[in-house]
Amino acid sequence: MDFIQELKTQTQNALTDLYTIEKVEINFEQTNPNFEGDFTFVVFPYLRYSKKKPEDTAAEIGEYLREKVKEVSNYNVVKGFLNLELSDTYWISVASEISNNGLRIPALVKNQKVVVEYSSPNTNKPLHLGHIRNNVLGYSICKILEANGYDVIKNNLVNDRGVHICKSMLAWQKWGNGETPESSGIKGDHLVGKYYVEFDKHYQKQISELVEGGTDKDLAKNEAPLMKETRQMLQQWEEGKQEVLSLWKKMNGWVYDGFDVTYNRLGVSFDKIYYVSDTYLLGKELVQEGLESGVFFQKDDGSVWVDLTSEGLDEKILQRADGTSVYMTQDIGTADLKFNDFGMDKFIYVVGNEQDYHFKVLQLVLKKLNKPYADGLYHLSYGMVDLPEGKMKSREGTVVDADELMEEVVGAAKSQTEELGKTEDMNEEELTNLYETLGIGALKYYLLKVDAKKRMMFDPNESIQLQGDTAPFIQYAYTRIASLLRAADSSDFEMPDNLNEEEKSLIVLMNNYPNAVHAAATHYNPSEIANAVYELAKAFNKFYHEHSILGAKENSTKQFRIALSKAVGETLKHGFSLLGIDMPERM
RNA sequence: GGCCUCGUAGUUCAAUGGAUAGAAUAGAAGUUUCCUAAACUUUAGAUCCAGGUUCGAUUCCUGGCGAGGCUACCA
């Protein structure tokens with residue numbers, strides 16, 4: 001890392017000495033593999049100072065650097081590209097450093113606290129594929145921020161109250177016959193989801209009956225008896241009616257038991273859980289505050305609004321005419337609650353991009369309220385997950401259930417492992433763990449290798465595939481290393497005489513890994529880790545194929561290769577830990 | 001209608017404004033007396049269209065065309 005600094009300093013010196021260029025931003029990039037060299041400096045921007053041809057300018061700087069920087073063993077010039085070649089000695093010292101001191105990720109920040117809100121489920125139905133992307137992404141971001149020096153609070157805001165839960169409750173009351181998870185053998189969240197579907201079935205029927213009777217469709221939606229009953233139930237909930245509250249507690253309990261199983265299998269966890277039932281009234285005082293200070297305004301009917309037209313948005317309601325709050329009000333209050341609880345420097349919302357507008361407004365409102373933490377808000381806006389047949393629609397039953405999906409990928413890992421027949425001596429428990437590690441790993445990797453911000457296609461058939469750019473590919477490279485280390489008697493680093501191409505590329509990739517960890521944090525994007533780790537695993541497989549490690553002729557070569565392999569293994573494992581994916585020792 | 005994303009090999013994804021646009025998968029052809037072939041090698045195949053800025057554009061700007069999202073006193 002500091003070598004690059006040194007290189008930049010010397011390059012600046014070169015520009016100053018040769019062309020009297022004052023301080024500029026110096027950038028090096030990795031040399032394109034199609035060309036000879038390690039780092040490349042592009043000289044085009046400096047031609048107007050040097051007043052020479054690109055080739056000559058690059059050559060002059062190259063000559064300067066070769067003389068001044070001992071690690072630069074040679075250079076070549078292609079058009080305006082100065083390709084610096086570094087000595088093997090330098091790369092060997094990098095390998096030695098990593099091998100002896102372990103993987104080091106320099107902290108990006110100090111004493112920075114960040115609250116990451118993710119998952120945030122509704123408690124009326126089980127989790128689906130979209131939630132999996134959210135959870136896996138949120139968890140990974142937490143790990144990545146931690147690795148960069150942040151103090152992270154993993155936070156879940158459970159939406160446990162509202163019309164949607166009342167629908168499930170009502171349907172259960174009417175048609176449940178006292179069914180419980182125990183009596184039915186159905187996982188709690190799925191059972192509650194079943195009644196949510198049941199509600200909708202009857203509700204749709206009522207609507208169409210009303211519409212046939214000549215009622216307007218929108219009106220019918222509101223006037224359907226079931227909807228009236230639901231609203232009444234919500235009303236009773238707010239009034240604290242005992243019977244409703246106890247049913248609510250019972251059914252939410254079922255859901256939490258179910259979620260725990262799903263979260264556990266998915267390997268995600270939280271440090272702090274908020275429940276909307278506790279927080280939904282928050283924010284009203286802040287709305288009043290804003291009204292008094294004049295940043296909000298009131299309409300004739302008494303509703304409170306914020307005018308964001310000067311920011312290019314429109315007017316947004318913050319409180320209904322009847323004094324009740326809306327989503328935005330609650331989020332204002334919850335942001336304040338978070339700040340009171342944690343005093344965080346940053347707070348991140350892992351929420352789908354259909355809420356881009358909402359979070360833009362939220363941040364503007366917090367700024368208008370002069371909240372000191374407003375600038376620390378970041379909406380990690382991830383794209384929707386599409387299926388090959390199109391969008392997921394719960395109404396049309398095309399949602400991919402989280403539990404079923406996990407079962408499927410683990411099952412695929414099992415059958416493929418059995419087919420290969422390499423694990424016959426493993427016991428039942430080891431095998432079960434292995435299938436989970438492979439299957440859940442494959443699923444997570446599939447979701448994380450894509451840029452978080454982009455919408456992505458989820459092909460179920462492809463997700464259970466375990467070859468190519470997949471978690472098992474990387475896990476396989478790791479188990480090869482683990483197997484080597486079991487067979488090796490020592491993994492102490494020894495200086496080799498020189499480096500072959502494959503060894504060098506492993507060192508280069510490992511040297512670059514901390515940059516990927518930084519970039520992943522800066523961009524809130526785990527896929528940068530996934531890509532880095534994949535490249536490394538691929539390079540290792542090639543190295544492994546081309547060269548004998550334990551059978552190397554020279555003992556020093558053998559020791560070097562073992563130590564190098566060990567460092568690769570540690571890097572792969574580190575990267576996977578940031579993605580929330582386990583590594584098997586055998587497969 | 002207004003606002004916001006996104007258009008890259010058959011398919012799914014990469015590419016701080018840099019060189020000859022990378023992978024994976026599907027296709028074709030190979031590699032195992034040798035540390036795990038879930039691997040490795042070779043091969044064919046792409047920047048939606050038209051302008052502009054730039055020494056240089058997949059990347060930035062404008063206009064088309066196409067896909068998606070938001071545009072609720074729902075959360």
Side-chain angles (χ1 to χ4, degrees), chain A residues 27 29 31-35 40 42-45 47-48 54 78-81 83 120 122 159 161-164 276 280 299 301 303-305 312-314 316-322 324-328 330-331 352-358 360 381 383-384 386 388 390-391 413 416-417 419-420 422-423 438 442 446 449-451 453-459 462 465-477 479-488 519 522-523 527-528 530-531 534-535 537-538 540-552 558 561-562 565 586-587:
Chain A
N27 277 314
E29 44 196 273
T31 300
N32 181 310
N34 296 319
F35 298 87
T40 295
V42 184
V43 304
F44 288 114
L47 297 183
R48 59 198 182 99
V78 182
K79 291 184 274 183
F81 297 90
N83 300 319
S120 306
N122 286 356
N159 186 17
R161 59 144 251 139
V163 169
H164 47 286
V276 171
Y280 79 107
K299 291 198 174 173
D301 64 358
S303 56
V304 181
W305 296 71
L313 307 177
D314 45 26
K316 191 81 192 167
I317 188 156
L318 298 176
Q319 195 170 96
R320 296 189 185 99
D322 63 6
T324 57
S325 54
V326 294
Y327 181 36
M328 188 63 71
Q330 297 177 31
D331 263 6
N353 63 11
E354 77 272 15
Q355 293 195 35
D356 285 356
Y357 184 75
H358 173 79
K360 220 182 263 181
S381 161
M384 296 289 102
D386 286 327
K391 275 197 63 162
Q416 293 193 44
T417 304
E419 210 169 294
L420 290 169
K422 296 180 187 179
T423 51
L438 295 175
Y446 187 93
K449 72 175 173 178
V450 182
D451 186 338
K453 292 160 197 69
K454 293 189 180 169
R455 76 175 10 239
M456 69 175 291
M457 167 76 79
F458 184 90
D459 185 339
E462 213 177 289
Q465 209 203 304
L466 312 179
Q467 285 82 32
D469 186 5
T470 64
F473 175 94
I474 295 157
Q475 288 165 326
Y476 181 66
T479 55
R480 278 177 150 180
I481 293 167
S483 170
L484 280 176
L485 294 175
R486 281 193 295 271
T522 312
H523 306 143
S527 78
E528 300 193 46
N531 291 340
Y534 172 62
E535 290 302 322
K538 203 158 56 146
F540 181 80
N541 275 334
K542 186 168 166 71
F543 164 67
Y544 184 93
H545 184 261
E546 301 279 323
H547 305 284
S548 183
I549 296 164
L550 297 178
K558 174 179 155 184
R561 288 180 182 169
I562 291 170
S565 301
R586 290 186 50 191
M587 62 189 277

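Order of the sequence lines sets the chain letters (A, B, ...), proteins ahead of strands, with each chain counted from 1.
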Enquirer: Is any side-chain heavy atom of Tyr544(A) closer than 4.5 Å to a side-chain heavy atom of Ser565(A)?
Expert: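 No, side chains not in contact.
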Enquirer: Looking at Asn83(A) and rA19(B), is any side-chain donor or acceptor paired with a base atom of the opposite kind under 3.5 Å?
Expert: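 Per atom types, the contact qualifies.
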Enquirer: Looking at rA75(B), rA19(B), rU16(B), which one has an atom nearest to any side-chain atom of Val78(A)?
Expert: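 That would be rA19(B).
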Enquirer: From rA15(B), rC73(B), rA19(B), pick the nucleotide closest to the side chain of Thr31(A)?
Expert: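 For the Thr31(A) side chain, the nearest candidate turns out to be rA19(B).
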Enquirer: With rounding to the closest Å, how many angstrom separate the P atoms on rC40(B) and rC49(B)?
Expert: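 Nearest-Å result for rC40(B) against rC49(B) at atom P: 34 Å.
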Enquirer: Considering only the P atoms, how many Å lie between rC6(B) and rA15(B), rounded to the nearest integer?
Expert: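 Going atom to atom, P in each nucleotide, I get 12 Å.
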Enquirer: Between rC73(B), rC13(B), rC40(B), which one does the side chain of Glu546(A) approach most closely?
Expert: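 In terms of side-chain proximity for Glu546(A), the closest of rC73(B), rC13(B), rC40(B) is rC40(B).
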Enquirer: Any idea which of rU16(B), rU20(B), rC73(B) is nearest the Lys79(A) side chain?
Expert: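 Among the listed nucleotides, the one closest to the side chain of Lys79(A) is rU20(B).
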Enquirer: Could you say whether the aromatic ring of Phe81(A) and the base of rG18(B) stack, counting only centre distances under 5.5 Å and plane angles under 30°?
Expert: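 Answer is no, no stack.
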Enquirer: Centroid distance below 5.5 Å plus an interplanar angle below 30 degrees: do Phe44(A) and rG18(B) meet both conditions?
Expert: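 A stacking contact exists, since Phe44(A) sits close and nearly parallel to the base ring of rG18(B).
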Enquirer: Could you measure between the two C1' atoms, the one in rU5(B) and the one in rU41(B), and give it in whole Å?
Expert: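 Taking atom C1' in both rU5(B) and rU41(B), they lie 41 Å apart.
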Enquirer: Just to be sure I follow the notation: if a pair is Watson-Crick (purine N1 to pyrimidine N3 plus N6-O4 or O6-N4) or a G-U wobble (N1-O2 and O6-N3), each under 3.5 Å, what dot-bracket string does RNA chain B give, with | for pairs to another strand?
Expert: (((((((..((((....[...)))).(((((.......)))))....(((((..]....))))))))))))....
Enquirer: Taking the side chain of Thr40(A) as heavy atoms from C-beta outward, which of rA24(B), rA19(B), rG68(B) is closest to it?
Expert: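 Nearest to the side chain of Thr40(A) among the choices is rA19(B).
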Enquirer: What's the closest nucleotide to the Glu29(A) side chain, out of rC40(B), rU16(B), rG68(B)?
Expert: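 Selected nucleotide (nearest to the side chain): rU16(B).
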Enquirer: Please measure how far the P atom in rA23(B) lies from the corresponding atom in rA14(B), and state the result in whole Å.
Expert: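 Between the two P atoms, the distance is 16 Å.
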Enquirer: When you compare rA57(B) with rG17(B), how far apart are their C1' atoms, in angstrom units rounded to a whole number?
Expert: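 Roughly 7 Å separates the two C1' atoms.
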Enquirer: For rU59(B) versus rC48(B), give the span between their C1' atoms, rounded off to a whole number of Å.
Expert: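 That atom pair is separated by 16 Å.
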Enquirer: Would you call Asn159(A) and His164(A) a side-chain contact if the rule is heavy atoms closer than 4.5 Å?
Expert: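 Counting from C-beta outward, Asn159(A) and His164(A) do come under 4.5 Å.
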Enquirer: In whole angstrom, give me the gap between the C1' atoms of rA72(B) and rG63(B).
Expert: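 Approximately 33 Å lies between the C1' atom of rA72(B) and that of rG63(B).
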Enquirer: Looking at every non-hydrogen atom in both residues, tell me the closest pair between Val326(A) and Ile317(A) and how far apart they are.
Expert: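 Closest pair (atom of Val326(A), atom of Ile317(A), distance): CG2-O, 3.7 Å.
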Enquirer: Please measure how far the P atom in rA44(B) lies from the corresponding atom in rU53(B), and state the result in whole Å.
Expert: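 Approximately 37 Å lies between the P atom of rA44(B) and that of rU53(B).
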Enquirer: Parallel, tilted or perpendicular, judged at 30° and 60°: which one describes the rings of His358(A) and Tyr327(A)?
Expert: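 Judged by the thresholds at 30° and 60°, the geometry between His358(A) and Tyr327(A) is parallel.
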Enquirer: So if I take every side-chain heavy atom of Val42(A) and compare against rG18(B), rG68(B), rA75(B), which nucleotide ends up nearest?
Expert: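 The listed nucleotide nearest to Val42(A)'s side chain is rG18(B).
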